[in-house]
Amino acid sequence: MLQEWINSFHHMGIIPLFLIMAIEGCSIPFPGIIAVIPYGYLLSPQIKEIFGLAIGMSLTYSLFSFIHYWLGLKLQKKMKHRFEKKIKKAQHWFHKIGEWSIVLTRLLGIGYISYVAGMSDVKMWKYGIFTFVGVYFWSFSLLFLGQIYKGDPKAVIELFQMYQNYIYISIGI
């Protein structure tokens, strides 16, 4: 079934790739990693094209992620009295770790940081830049790995599983 899905995307060009990024940006549970990796192989992009595609993918994701950022802003004001302790705890955690946590969570595929950023009053331009940077590296890496591993998501997932401890330690540092 996955192969049929990939084949149908291949015939549609890059539009589904940007649609995938819009879905990911909206924090809708979706296996984006499994859908993006084959594009690195199907499109056979040169390194310059991977840079360009990653920019477009990051812009798309970033724009759609603002939906949850704005919801976080609104929820903070409306839910402040009801969940004041939990909101303050989340804000404290976010300010303690810093706004760079937006970049790190994007690299790890955690989209729900948008709500926390909105509730923590992160400046909109900072949120946009940090989201873009995190998603850019994620997009570039997946397209590049897709090209190397000939679009086989299972091979890339196995690679991640093999090195996941090293990846998490590196991100933690």
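Here the CD1-OH distance, from I67 to Y115, works out to 9.5 Å after rounding to the nearest 0.5 Å. With rounding to the nearest 0.5 Å, the separation of CH2 in W70 from OG in S65 is 9.0 Å. Note: Y127 OH to S62 OG = 7.5 Å, rounded to the nearest 0.5 Å. Interatomic distance, CG of L142 versus CD of Q147, reported as 13.0 Å (0.5 Å rounding). Considering CG of L73 and OG of S114, their distance stands at 11.0 Å, rounded to 0.5 Å. Atom CD1 in I20 sits 11.0 Å away from atom OG in S139 (nearest 0.5 Å).
Closest approach of L143 and A54 over heavy atoms only: CD1-N, 4.3 Å. Across F64 and C26, no two heavy atoms sit closer than the pair CD2-SG, 3.6 Å.
Under the 4.5 Å side-chain criterion, counting only non-hydrogen atoms from C-beta, W138 is in contact with V36. For the pair T60/M57, no side-chain contact is recorded, criterion being any heavy-atom separation below 4.5 Å from C-beta on. Residues E49 and L43 form no side-chain contact, since every pair of their non-hydrogen atoms from C-beta on lies 4.5 Å or further apart. Within the 4.5 Å cutoff, side-chain heavy atoms of I47 are placed close to those of F144. Contact annotation: the side chain of M21 approaches that of V135 to within less than 4.5 Å [non-hydrogen atoms, C-beta and beyond].
Residues forming a side-chain contact (heavy atoms from CB on, under 4.5 Å) with I55 (at least two apart in sequence, or on another chain): L59, F132, Y136.
No continuous path of hydrophobic side-chain contacts links L63 to V122 [ILVMFWY only; heavy atoms under 4.5 Å]. Clustering ILVMFWY residues whenever any of their side-chain heavy atoms sit less than 4.5 angstrom apart, transitively, puts I148 in the very cluster that holds F140.
The ring of F66 has its center closer than 6.0 angstrom to the ring center of Y69.
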